[in-house]
Amino acid sequence: MATRMQHAPHAAPPELTFRAVLLAIVLAVILAAANTYLGLFAGLTIASAIPAAVISMGVLRALGGGHILENNIVQTGASAGSSIASGVIFTLPALVILGWWQDFRYGWVLAIAGLGGLLGVLFSVPLRRSLIVEQKLAFPEGKAAAEVLRTGESPGKGVRVLALAALLGGAMKAAAGSGLRLIPDTASVSAWFGGAIGYAGTNLSPALFGVGYIVGLNVGIVVLAGGVIAWNIAIPLYSLFLLDGNPALAAAVAGAGAEDAAWAIWSAQVRYLGVGAMLIGGVWTLISLRRSLFSGIRSGIAAGRAPGGVRSLAPTERDVPMKLIGIGLVLFTVPLAVLYHSIVGTWTVSLPMTLIMVVAGFLFVSVSAYMAGLVGSSNNPVSGITIATILFAALVLAMLLGRDSEIGAVAAIMIGAVVCCAACIGGDNLQDLKAGYIVGATPWKQQLMLAIGAVSSALVMAPVLNLLMEAYGIGVPTAEHPSPLLAPQANLMASVARGIFGGELPWATIGAGALIGAAIIAFDAWLQARGSRFRVPVLACAVGIYLPIELSVPIFAGGLVAHLVERYHRVAPDDEAGRERAHRKGMLFAAGLITGEALMGILIAVPIVLAGNAEVLALPESLRLGAPGAWLGLAMLAAIAWLLYRTGRRADPDAPIG
C-alpha cells in the first residue's frame, strides 16, 4: 500500500494558488468538451486525472516551480471536466430525443450540471473518512495520479508520450468518416445464414483502444461477452424464432441486408436486454452496499463534534465542515425545486420530485463513490445508477401525473440528470481525495477546487453540445444526419422514461435481460467464492449488451495489449504495485489516444457547422479508398497497438512505488 507523504507544518507549501486554479479551470473546460464528444460517440468517458497531472507538472515547471500539492490541486479541478460531461451526456440529450428540446438551452444545462455537480461534492464529503481513511478502498485512478505526482518522473517525457499518442489518435480521427473519409469508421462483415443473421465488426477508433488498455483485460472480456450475447446469440435467435411474431419489425427488415436487419432488431428489441441487466445490476449494487452507505455521515459528524471542532484536526484531515454542507444543500436544492416546479406547474408534484432527487442523490453518490473505490471511475456504472433513478422517478410521477402525462418523461429525465451529475462528481471527488490523502493534501481545498472545476465545466456544456448536434446530429437519425452520434445512454434513458408514460416498453425482453443479469450475478458470486481473480461485474456485461458490438471489440483488444505488457514485465497476479509501475508509460499513451481523438472530433465539428455541410472536409470520391479503406484502417489500428505495446514495454519496472 502506498505510504502517505508528510509536510512540515512550518513550511506551508503552495497548494490552492491562483495559477493552479486558473490552469485547472482551463484543463477542466478542455476535458469537458473532449469527453462530451467521446461519450456521445461511444457511450464512454475516461477519468482524466492522470493526463491532467502530467500536463500540470510540465506547465508549472515551465512557469517556475510547481509543488506536488499545487499539481494535485490542478488535477483535482481538471478531472471535474470529464465527470460533468458524463453526467450531462448520459441524460440531457434524452430531452432532444424526446422532442422536448430542439437544442440545448444554456440556462437549463448550466443549472442542472452546475447544481448537480455541487450537490455531488457536498454528498461525497462525508464519504472520504469512511471509504478512504477507514475502509481504505483502492481508488485506482487516484493511486495512479498520486504516483505520477509523487515520483515526478520526467514530466517532460510524459508530456511527449501524451502528445505523440494524441497526434496519432487525432490523425486517425481526421482520416475517418467524419473528416477526410479516407477510411471508414468501422470494419464489418455480415451475412444471412438461412433465417439467422451473422454479424461481426470493429470500430476503428484509437480512443476505444485506449479505453480498453486503461480498464484492462478482465473488463474488456466482460464487455465483449455482453456484445456477443446481444449480437451473436440474441439477434440470430430473434431473427430465427421471434421475428415473425413482430409484424412491424418483420416488415421493416424484409428485403434488407444482413447488417441493416441486425441493427434494426438490436435497436427495437435486443438492446433492451441491456436495460433489464442494468436494472437488476443497479438493485444488486444497492443491496451489496447497504451496510456502508451511512457510515461516512456518522464519521463526518463525529469528527465535527470533537473538542475544538474541525480546527483541532491536522490539515490533512480537514474536510468542509458539516455545518457548511447543510447550508449548501439548502442553497443548491431550492433552485432545483423551482426549476422542477416550472416544468410540472404544481408544488404537489415538484416537491416530491425534489425529495426523490435529494434522497437518490445521496444514495447513488455513495454507490458511485464505493464502486469507484473498487473498480475505478472508468468502470463506474453511473449509467445503471441513473437508469434506476429515472425508472423509480417515472413510476412515482406516473402515479402523481397519470401515465398519459406529456411532461412525465421529461420530469423523470430532469431528476435523473441532476442525480447523474452528482454521482459522476461524487466518484471523481473520492478518486481525487485518495490522491490527496497519499500526497498529504488538504481535503477541504480539494473539495473547493472540485466545485470550481464542476461549475467551470458546466459553463461550456451547452455550447459544445449544440456544436456537436449541428455537426453530427445526436441520438436520432435524420435526413441531414443519417449517422448521428449514438448517445447510447441518453437513448436508453429516453426509452425507459417514455415507456412508462404512454409508450410501450418491450417488457418481455427487459425481463429476459433481468434474468441474464441475475445469472451473471450468481456466476460472479461463484467466482468470488472460489477465490478467482477473474470477475464478471454485471453492469460491465450489461453495458456490452446495450452497446453495438463494434465498440466492444477495440476495448477488448486494448485490454489484451495491457495484459501482454503485464506478461512482459512478469507482473505477479497479486502485485498491484508492480502492475502500476508496468503501466505508467502505457497509461499515458492510452490517455493520449483518447484525448487526441476526442479533441479532433471537436475541431472537425467547427468547419462542418460553419459551412453547414457534413462533407466539407471529405476528400473527392476519386481519392477515397472505398472497401480497401477498411483494411487500411485495420492496419493503422494495428500499428497503434504495436506502438502502445512497445511504449508499455519501456516502462521502468524497478522504479519505487511508495
Side-chain angles (χ1 to χ4, degrees), residues 42-43 186-203 208 212 217-246 249-250 252-253 256-281 284 381 383-384 486 488 491-492 495 505-527 534-557 559-560:
T186 61
S188 63
V189 294
S190 59
W192 287 96
F193 296 93
I197 301 172
Y199 177 85
T202 180
N203 195 283
L208 294 177
L217 182 59
N218 189 330
V219 172
I221 290 174
V222 174
V223 172
L224 181 60
V228 170
I229 290 172
W231 289 83
N232 301 129
I233 298 176
I235 289 177
L237 289 176
Y238 192 93
S239 64
L240 266 177
F241 302 111
L242 300 175
L243 184 58
D244 291 339
N246 189 335
L249 183 57
V253 303
E259 183 171 347
D260 291 338
W263 278 91
I265 293 172
W266 171 81
S267 178
Q269 288 290 327
V270 170
R271 68 173 178 171
Y272 287 96
L273 291 173
V275 176
M278 283 187 183
L279 288 174
I280 198 72
W284 176 249
S383 57
L486 289 175
N491 258 302
L492 178 56
S495 298
L505 288 174
W507 291 108
T509 308
I510 293 174
L515 291 176
I516 292 173
I520 295 168
I521 291 169
F523 181 54
D524 186 59
W526 178 72
L527 290 174
F534 182 84
R535 301 297 299 277
V536 186
V538 59
L539 287 169
C541 190
V543 168
I545 294 172
Y546 183 75
L547 290 174
I549 193 172
E550 65 191 34
L551 302 182
S552 302
V553 172
I555 293 174
F556 164 76
L560 183 60

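The model shown is predicted, which means the values in this text are computed figures rather than measured ones. Scope of the values below: all heavy atoms of this structure, side chains included, with no hydrogens, waters or symmetry mates.
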Rounded to the nearest 0.5 angstrom, the CH2-CD1 distance for Trp266 and Ile545 is 12.5 Å
(message) Counting C-beta onward and ignoring hydrogens, is there a side-chain heavy-atom pair between Asn232 and Ile549 closer than 4.5 Å?
(response) yes
Arg271 and Pro548, any side-chain heavy atoms less than 4.5 Å apart:
no
- Intermediate values then yes/no, side chain to side chain contact (heavy atoms under 4.5 Å, CB included), Asn218 and Val536: CA-CA 8 Å; Asn218 189 330; Val536 186; 5.9 Å; no
Heavy atoms of Phe534 and Ile221 approach each other most closely as CZ-CG2, 3.9 Å
Run the side chain to side chain contact (heavy atoms under 4.5 Å, CB included) check on Ser188 and Glu550 step by step: do they pass? CA-CA 8 Å; Ser188 63; Glu550 65 191 34; 5.5 Å; no
When every non-hydrogen atom of Arg535 is compared with those of Val222, the smallest separation belongs to O-CG2, 3.6 Å
In short, Gly220 meets Phe556 closest at the heavy-atom pair O-CB, 3.8 Å
Taken to the nearest 0.5 Å, the spacing of Leu224 CG from Leu560 CG works out to 11.0 Å
Contacts of Pro236 meeting side-chain contact (heavy atoms from CB on, under 4.5 Å) (sequence neighbours excluded), chain-then-number -> Ala196
Under 3.5 Å donor-acceptor, Ser267 side chain and Trp263 backbone:
no
The single option from Ile521, Asp524, Ile229 that satisfies side chain to side chain contact (heavy atoms under 4.5 Å, CB included) with Cys541 is Ile229
For this session: Give the intermediate values and the outcome of side chain to side chain contact (heavy atoms under 4.5 Å, CB included) for residues Tyr199 and Ile235.
Result: CA-CA 9 Å; Tyr199 177 85; Ile235 289 177; over 6 Å; no
- Task: Could you check Val219 against Val223 for side chain to side chain contact (heavy atoms under 4.5 Å, CB included), going step by step and ending with a plain yes or no?
- Result: CA-CA 6 Å; Val219 172; Val223 172; 4.0 Å; yes
Minimal heavy-atom distance between Gly257 and Trp192, with the atoms involved, is C-NE1, 3.7 Å
Between Ala261 and Ile197, the two heavy atoms sitting closest are CB-CD1, 3.7 Å
Separation between CG (Leu240) and CZ (Phe193), nearest 0.5 Å, reads 11.5 Å
Given the options Asn203, Val553, Thr202, Leu208 meets side chain to side chain contact (heavy atoms under 4.5 Å, CB included) only with Asn203
Separation between CG (Leu515) and CD1 (Ile510), nearest 0.5 Å, reads 12.5 Å
Note: Ala268 and Leu249 closest approach over all heavy atoms is CB-CD1, 4.0 Å
Note to self: Could you check whether Gln269 and Thr509, counting side-chain N and O atoms only, form a donor-acceptor pair closer than 3.5 Å?
What the structure shows: yes
